[in-house]
Amino acid sequence: MSLDFAMPAPPLKGPVTAGALADRLVAAVVDKLAEFEQTTAPELELPRFHAGHPVLDDTTADLLYVLGLLIDCGVDHVADCDLRARIPSLIDTLDPATVEAFASYRVGETVLRIGGLAAVPPELRDTVLQAVHSPGIIDRLAEPDAIPPNFAVVAARCLRALARLRDDREAPELAGLLGQVTELFSSPTGWLNDGMGTFVHYDIYTPDMYLFAEPLVDDIGPAWADGLTRVLDDLDGAAHPGGAVTWGRSIGSLGMAMTVELAAVVVGRDLDTAQDRWLTRADSTLNDLLGWFPNGVIAAHQRRAPMFYRGPARRLQLTLDIYGKLLLSALELRRRPDTTGGPPTGAYGPADRFIRFESTQPATLWAYRSPSLAFALPTVFGFSSDYAPSPRGPGLFEQPTSGHPVMLPVINPRGAGNLAGAGEKPLVPAGLPASVEHSPGEVTIAHHGWAPVGSGEPSVAGSRTATYRVVGRSLEVTEHLRFDDPGHLPGPLTLTVAETATRPLDVNCDAGPVVTVDTDGISEWRSFWGELPRVHHVELEPAAAVNFTWTVTPRLRVASTIHGHPYDRSLYEPLADRVVATAMGFPDDSLVRRLQDVDVLHMAWPEWWSGVDPKRTAEVLEQIRASGTAIVWTQHNLLPHFFKSGEAAACYQQWAEAADAVVHHSRSGQAVALSTYDYGADTRHHVIPHGHWGRDYEAVASTTREDVEAAEGWPSCGLRLAVIGSPRQEKDLQGVVDAVAACRRDDVQLVIRVDLSVAVPDDPRIIAEHGHVDTHRYLRRMMAYDAVVLPFAPSGMLTTGTAFDCLGAAVPAITSNWEFFDETFAGADIRYGESAEDLTRCLDALTPEALERSRQATADRRPVFDWDPIAEQTLEVLEAAALLKA
């Protein structure tokens with residue numbers, strides 16, 4: 001059995017440069033905005049309504065901003081629209097009284113980009129000035145907790161734009177506001193609490209405030225660069241492919257865009273932090289983020305759930321907002337275009353980072369990254385479950401946006417109806433914790449009291465002390481709950497774990513059974529990044545003391561280089577409920593990004609995946625090694641079938657050194673491989689049999705000998721022999737045809753696939769064929785063979801899959817001398833020896849009784865080669881290899 005393979009892709013590209021990434025950003029926005037024009041805004045004129053929602057002036061301001069930034073980037077036309085000519089008509093649609101905050105400075109800065117008030121018609125100049133003024137924001141800054149602190153930066157940009165438009169360099173309001181902004185960035189840790197009242201919001205708005213303030217750097221002074229550098233150093237260990245910040249509000253697509261923005265400002269401002277890693281993160285994040293814009297409009301609301309204030313009514317605004325962020329990033333990157341990113345595999349290396357956002361209270365973040373587990377666990381306090389103290393990591397541990405709290409114990413409200421209808425909220429550990437202690441690989445969090453989500457005032461007296469610990473590929477959580485009055489809890493005690501579509505989870509709890517609920521397509525079970533199609537749920541019996549442990553283990557992700565091949569299919573079907581088995585795809589520029597979603601690379605034939613060029617093989621292996629992905633090599637061959645050369649041997653040697661584990665199909669094959677190659681010092685070797693092909697032959701079990709003869713045009717005979725599979729130089733095909741031609745039997749017939757090197761005698765008993773036989777026909781033919789000849793020379797071979805055709809179809813094998821056959825058939829085969837003469841003597845002496853004995857003995861050997869136990873043994877190898885990298 002075989003599968004045709006394409007040749008591997010061209011060599012991988014090198015590290016990204018800032019200039020190249022800037023060009024990509026501009027080109028991407030131009031392409032997406034052209035799609036936006038085609039599908040949504042003909043001639044870049046915004047619709048008045050979009051999917052039932054009015055399109056407001058904030059969206060118009062963002063479109064203006066994007067057009068101004070494109071002009072600054074050197075783009076004058078998009079989709080045949082003249083951008084400069086389009087700006088005045090967009091300004092004319094604004095109602096300046098409704099333009100506030102972000103929209104205000106974006107209008108003002110756009111007009112400044114195109115030349116100031118002189119560049120717009122006189123009748124629109126008052127509209128511009130009124131729109132930029134934004135008095136509602138500026139006035140509210142004086143009211144305690146009336147508006148988040150980040151609006152001080154926004155207001156400063158509004159006033160600065162207004163002053164520049166009026167050519168007023170001494171605006172007194174601006175000077176006072178800049179002082180307030182400078183004070184914001186004087187935090188000892190660099191982090192800024194964006195919460196109002198009792199809320200403690202250390203979240204995405206810290207780096208966001210630094211980004212908003214970037215145009216004000218010359219006025220703020222060194223506090224900006226010093227604070228941002230400290231924050232970036234923290235985020236260097238906390239960033240994930242799904243965003244630089246993955247907890248709190250306004251993440252998802254905005255967190256991904258922020259990854260690009262932070263990289264740009266790191267490079268553009270030459271900050272003293274990991275510029276190479278940030279640049280590499282930005283490059284890979286852009287690849288992912290662009291997939292969120294089908295038809296030029298963001299899909300953050302489709303099978304995903306952004307924050308309520310970024311809901312469907314603001315879909316177009318969010319689209320344009322992110323386009324603006326990408327263009328601002330391009331302008332920053334162009335400040336230092338020759339800056340080079342690091343290797344793609346270095347973007348998200350292992351991390352165990354503990355961050356204290358401030359010294360006076362336990363507001364913290366534990367960020368953990370390994371090839372198997374990556375999450376951030378915040379202990380902050382906010383208005384929604386997005387701030388709850390539970391692990392979160394895009395693609396792995398996701399939470400329903402502002403939804404039911406997950407991955408921590410919850411006291412649920414009683415009563416019928418949904419939570420919203422009942423007017424009650426779940427109770428979670430109240431407010432900030434009393435203490436948080438970190439040690440390598442774990443964190444212990446203690447809370448006093450239980451309160452509704454968004455409240456810091458306990459409504460149930462008690463405590464929770466939980467230790468989150470990484471154990472191999474699992475997250476283990478030990479819980480100690482105390483309740484002063486367990487008989488009067490407002491509702492049952494539960495634990496819920498949500499599962500993403502691509503990372504099935506195995507959840508265990510020693511306090512009760514885990515029930516799995518299908519939530520696919522239910523809107524309340526959507527995260528910032530996607531659907532949460534399954535929820536694992538445990539109910540706990542309240543008591544004065546409740547002590548239990550629960551674990552979450554992501555299912556092993558194995559990427560096979562032969563996904564879909566009969567061997568691969570047979571091996572992984574028995575593991576379907578325990579392993580996520582996918583195709584690796586050929587090495588290309590996306591290899592490193594794809595490796596981030598893989599625990600084990602399962603290699604079969606290296607020549608068909610990475611080729612037989614030693615230089616390319618070394619490059620590919622370096623990417624795999626640096627990614628932390630484990631390599632398990634099922635070594636079917638000693639050398640490639642069709643590429644037997646010094647270069648091919650050198651490639652196999654590289655794989656031998658790189659493999660974490662090697663699976664051999666026989667003890668004799670293992671001995672040959674070990675005597676041929678120098679394996680890595682830590683490479684683990686395992687002998688696991690090759691499975692038989694019996695399941696494939698079940699589909700043709702009703703096929704008769706006569707059916708095959710009629711279909712193939714073969715004359716009937718007493719003894720039909722075959723040599724199956726492709727011609728190999730290790731197969732003595734010439735010896736077989738010579739042996740049949742020399743034998744004395746009139747009833748014999750040989751069906752053999754040959755190549756041009758074989759001289760076929762003119763003998764009616766020999767049916768010689770050229771070329772491939774499709775799988776179904778191959779299987780049917782086996783029903784008409786009395787025996788299969790396996791004429792292999794032992795040197796240069798480790799195994800042959802054709803032996804497992806014989807076992808699967810219970811067809812006797814007539815074999816040459818080879819230790820592999822000794823192990824595999826254990827005497828069930830008919831051994832002829834080595835030469836053509838040996839085979840002739842064997843055929844002349846062959847009796848129906850000997851064939852029947854061999855057939856029965858071959859059938860009796862099948863349980864040894866069943867795929868179910870082979871799959872179990874292979875899974876143990878895969879798990880062990882993954883644990884080495886965890």
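In this text, all values refer to a predicted model and were calculated from it rather than measured experimentally.
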Between Ser666 and Leu798, the two heavy atoms sitting closest are OG-O, 4.0 Å
Between NE2 on residue His685 and OH on residue Tyr679, distance to nearest 0.5 Å: 6.0 Å
In plain terms, say whether Glu531 and Arg303 are close enough for a salt bridge, that is, a side-chain N and a carboxylate O under 4.0 Å apart. no
Would you mind reporting whether Tyr652 and Pro606 have side-chain heavy atoms less than 4.5 Å apart? yes
Rounded to the nearest 0.5 Å, how far apart are CG of Asn508 and CD of Glu476? 11.0 Å
Counting N and O atoms only, with roles assigned by atom type, does the side chain of Thr629 sit under 3.5 Å from a partner on the main chain of Asp599, one being a donor and the other an acceptor? no
Quick one: does Arg369's side chain have a donor or acceptor within less than 3.5 Å of a partner on Gly349's backbone? yes
Geometric class of the Phe820/Trp818 ring pair [parallel <30°, tilted 30-60°, perpendicular >60°]: tilted
Residues Asp868, Arg695: salt bridge by 4.0 Å N-O rule: yes
Euclidean distance, Glu657 CD relative to Leu621 CG, rounded to 0.5 Å: 9.5 Å
Trace of the side chain to side chain donor-acceptor pair (under 3.5 Å) decision for Thr799 with His636: CA-CA 6 Å; Thr799 186; His636 298 279; over 6 Å; no
In sequence, state the C-alpha distance, the side-chain angles, and the governing distance for Ile724 and Arg781, and then conclude on side chain to side chain contact (heavy atoms under 4.5 Å, CB included). CA-CA 10 Å; Ile724 59 177; Arg781 284 176 162 212; over 6 Å; no
Sidechain-backbone polar pair: Arg753 side chain, Gly771 backbone, donor-acceptor under 3.5 Å: yes
Taking atom CG of Asp577 as the centre, does the number of heavy atoms from other residues, nucleotides or ligands within less than 6.0 Å exceed 12? yes
Side chain to side chain contact (heavy atoms under 4.5 Å, CB included) evaluation trace for Leu373 with Phe397: CA-CA 9 Å; Leu373 294 171; Phe397 300 146; 4.1 Å; yes
Pair Glu398, Ser527: side-chain N/O donor-acceptor within cut-off below 3.5 Å: yes
Pick out which of Thr502, Leu505, Val552 makes a side-chain contact (heavy atoms from CB on, under 4.5 Å) with Leu396. Leu505
Counting C-beta onward and ignoring hydrogens, is there a side-chain heavy-atom pair between Asp696 and Arg569 closer than 4.5 Å? yes
Derivation and outcome, side chain to side chain contact (heavy atoms under 4.5 Å, CB included), residues Thr634 and His602: CA-CA 7 Å; Thr634 295; His602 194 171; 2.7 Å; yes
For Ala282 and Leu21 the tightest heavy-atom approach is CB-CD2, 3.8 Å
Give a yes or no answer on whether the side chain of Thr401 reaches the backbone of Phe528 with a donor-acceptor pair at less than 3.5 Å. yes
For Val580 and Pro504, work out which heavy atoms get closest and say how close. CG2-CD, 3.5 Å
Closest heavy-atom contact between Val558 and Val579? CG2-CG1, 3.8 Å
Kindly say whether Gly393 contributes a backbone atom to a donor-acceptor pair with the side chain of Trp247 at under 3.5 angstrom? no
Do the rings of Phe792 and Phe821 sit parallel, tilted or perpendicular, given the 30° and 60° boundaries? perpendicular
When the ring centroid of Phe804 is compared with that of Trp867, is the distance short of 6.0 Å? no
Taking the six-membered ring for Trp, are His563 and Tyr572 ring centroids under 6.0 Å apart? no
I want to check something: taking the side chain as every heavy atom from C-beta on, are Asp866 and His692 in contact at a cut-off of under 4.5 Å? yes
Can you give me the closest heavy-atom contact between Pro689 and Phe865, atom names plus distance? CB-CD2, 3.6 Å
Under 3.5 Å: donor-acceptor pair, side chain of Tyr677, backbone of Leu638: yes
Minimum-distance pair of heavy atoms, taken over all atoms of Pro614 and Glu647: CG-O, 3.8 Å
If you take the centroid of each ring, where Trp contributes its six-membered ring, are Trp608 and His565 closer together than 6.0 Å? no
Rounded to the nearest 0.5 Å, how far apart are CG of Asp276 and OG1 of Thr339? 10.5 Å
Can you confirm whether more than 12 heavy atoms, excluding those of Gln302, are under 6.0 Å from its CD atom? yes
Ionic contact status for Asp589 with Arg593, cut-off 4.0 Å: no
Could you go step by step and tell me if Trp529 and Trp292 meet the side chain to side chain contact (heavy atoms under 4.5 Å, CB included) rule? CA-CA 10 Å; Trp529 297 276; Trp292 287 53; 4.0 Å; yes
Does Asp774 pair with Arg780 as a salt bridge, N-O distance under 4.0 Å? no
Within-4.5 Å side-chain heavy-atom neighbours: Pro15 and Thr280: no
Does the Trp366 side chain pair with the main chain of Ala376, one donor and one acceptor, at a distance under 3.5 Å? no
Residues Arg728 and His641: side-chain donor-acceptor under 3.5 angstrom: yes
If you measure from CD1 on Ile688 to NE2 on His664, what distance do you get to the nearest 0.5 Å? 10.0 Å
Test item: Lys32 side-chain N/O and Ile298 main-chain N/O as donor-acceptor pair under 3.5 Å: no
So, Trp525 and Asp520: side-chain donor and acceptor under 3.5 Å apart, yes or no? no
Name the one of Arg578, Arg534, Arg473, Arg555 that satisfies salt bridge (Lys or Arg N to Asp or Glu O under 4.0 Å) with Asp506? Arg555
Within the distance-only criterion (no hydrogens, no angle test), does the side chain of Thr500 pair as donor or acceptor with the backbone N or O of Gly530 below 3.5 angstrom? no
If we count only N and O atoms by modelled type, under 3.5 Å, do the side chains of Ser590 and Arg594 hold a donor and an acceptor together? yes
Once rounded to the nearest 0.5 Å, what's the spacing between atom CG of Leu601 and atom CD1 of Ile624? 5.0 Å
Examine the side chains of Ser372 and Ser370 and answer whether a donor and an acceptor come within less than 3.5 Å of each other. no
Is the Tyr567 ring parallel, tilted or perpendicular to the Trp693 ring (thresholds 30°, 60°)? perpendicular
Sidechain-backbone polar pair: Lys885 side chain, Pro371 backbone, donor-acceptor under 3.5 Å: no
